[in-house]
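Predicted model only: the values in this text are computed from it and were never measured. Counting convention: from 1, in listed order, for ligands and their atoms alike.
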Amino acid sequence: MIVKTIELTRTYRRGPSHIVAVNKVNIEVEKATFISIIGPSGSGKTTLLNLIGLNDHPTSGKILFMGKDVSRLADRERRKIRLQSIGFIFQTFNLLPTLTALENVELPMALANVPHKVQRKKALKLLGKVGLTNRLQHLPRELSMGETQRVAVARALANDPSLILADEPTGELDSKTATEIVNLLFTLSKEHKTTVIVATHDEKIVEVADTVYTIQDGRLRLEG
Ligand SMILES: Nc1ncnc2c1ncn2[C@@H]1O[C@H](COP(=O)(O)OP(=O)(O)O)[C@@H](O)[C@H]1O
Ligand SMILES: [Mg+2]
């Protein structure tokens with residue numbers, strides 16, 4: 001098992017009001033599965049991915065990552081797990097604007113102290129897999145949105161993560177480009193035996209997913 005949450009809860013306090021963004025979520029995620037979580041805007045998708053991605057602290061409940069309780073680890077430990085074991089893909093791509101496509105894919109490896117030669121070789125291989133061998137030296141602003149998201153997919157795979165978290169990864173893309181990105185993410189995740197959790201409204205993602213959950217008011221349910 002990759003991730004398990006136990007009664008995972010995150011509340012936000014805003015003055016007198018109290019929002020339960022993620023409400024007692026129990027999910028068990030097996031290795032190499034492709035999971036989608038669908039829910040309307042404000043239902044808690046981003047909050048849940050931020051908790052599972054160790055970018056946020058639960059208000060109550062637990063997260064186990066590969067069997068280890070990581071809910072209350074120190075920031076340094078969390079950062080290490082994030083860097084080595086979790087890849088992130090965002091709706092708005094989040095590439096560094098001053099780095100080339102190649103450098104953006106190398107960056108997570110540089111942060112993990114991978115030797116530069118190894119970084120380069122791996123980044124070239126991954127950019128080949130996402131079909132961007134002819135865009136290595138392009139800056140993000142010189143790429144189309146589909147190409148930009150391909151770079152983000154390559155970057156997410158850079159440190160061979162056990163888990164990729166994708167928050168509405170096709171939200172900014174036209175339908176044809178979205179289909180290409182979904183197929184790419186699906187194929188590469190199966191090839192690399194990486195677990196993927198995607199928060200989305202996109203029917204194309206829901207169709208390929210091994211397991212589909214819905215989320216409403218912070219409550220997660222297995223679909224069907
Ligand atoms: N930092 C925050 N402070 C206060 N409320 C927040 C914060 N982030 C999210 N929320 C609230 O939590 C709920 C879930 O938000 P979010 O996880 O972003 O939903 P989704 O990604 O499904 O659109 C919403 O009601 C939102 O307004
Ligand atoms: Mg969101």
Item checked: Any donor-acceptor N/O pair, R150 side chain to V130 backbone, under 3.5 Å -> yes

Notebook entry, point to check: Looking only at heavy atoms, is any part of P40 under 4.0 Å from ligand 1, and if so is it the side chain, the backbone, or both, or is it neither?
Noted result: backbone

Next item on the list: Look at D75 together with R82 and state whether they make a salt bridge at an N to O cut-off of under 4.0 Å.
Entry: no

Checklist line | Nearest-contact summary for atom 15 (O) of ligand 1 - protein heavy atom, Å | finding: T47 OG1, 3.8 Å

Margin query: Below 4.0 angstrom, counting only protein heavy atoms, does anything approach atom 10 (N) of ligand 1?
Written below: yes

Next item on the list: List every atom of ligand 1 that sits less than 4.0 Å from any heavy atom of A21, numbering the atoms from 1 in the order shown and giving each element.
Entry: 12 (O), 13 (C), 14 (C)

Check: Counting distance only, does the side-chain N/O of E106 pair as donor-acceptor with the main-chain N or O of K122 below 3.5 Å?
Finding: no

Checklist line | Worked verdict on K204 versus D202 for salt bridge (charged side-chain N to carboxylate O under 4.0 Å, His left out) | finding: CA-CA 5 Å; K204 293 183 283 294; D202 193 333; 3.3 Å; yes

Checklist line | salt bridge (charged side-chain N to carboxylate O under 4.0 Å, His left out) evaluation trace for K45 with D167 | finding: CA-CA 8 Å; K45 301 184 294 298; D167 195 356; over 6 Å; no

Next item on the list: Report yes or no: does S41 have a heavy atom closer than 4.0 Å to ligand 1?
Entry: yes

Item checked: Identity and distance of the protein heavy atom lying nearest atom 3 (N) of ligand 1 -> R14 NH2, 3.1 Å

Next item on the list: May I ask you to identify the nearest protein heavy atom to atom 14 (C) of ligand 1, giving residue, atom name and distance to one decimal place in Å?
Entry: G42 O, 3.4 Å

Check: Is there a donor-acceptor contact under 3.5 Å linking the side chains of N50 and T47?
Finding: no

Notebook entry, point to check: Please state which protein non-hydrogen atom is closest to atom 27 (O) of ligand 1 and give its distance, to 0.1 Å?
Noted result: I19 CD1, 4.6 Å

Note to self: Could you check whether any side-chain N or O of S144 sits under 3.5 Å from a backbone N or O of E147, counting only pairs where one atom can act as donor and the other as acceptor?
What the structure shows: yes

Checklist line | Donor-acceptor side-chain pairing of K129 and H192 below 3.5 angstrom | finding: yes

Note to self: At a threshold of 2.8 Å, where the distance has to be below it, does the Mg ion (ligand 2) have an N, O or S atom of T46 nearby?
What the structure shows: yes

Check: At what distance is the nearest protein heavy atom to atom 1 (N) of ligand 1, and which residue and atom is it?
Finding: Y12 CE2, 3.7 Å

Next item on the list: Could you tell me the residue and atom name of the protein heavy atom closest to atom 19 (O) of ligand 1, and the distance to it rounded to 0.1 Å?
Entry: G44 N, 3.2 Å

Next item on the list: May I ask you to check if ligand 1 and T46 share an N or O to N or O distance below 3.5 Å?
Entry: yes

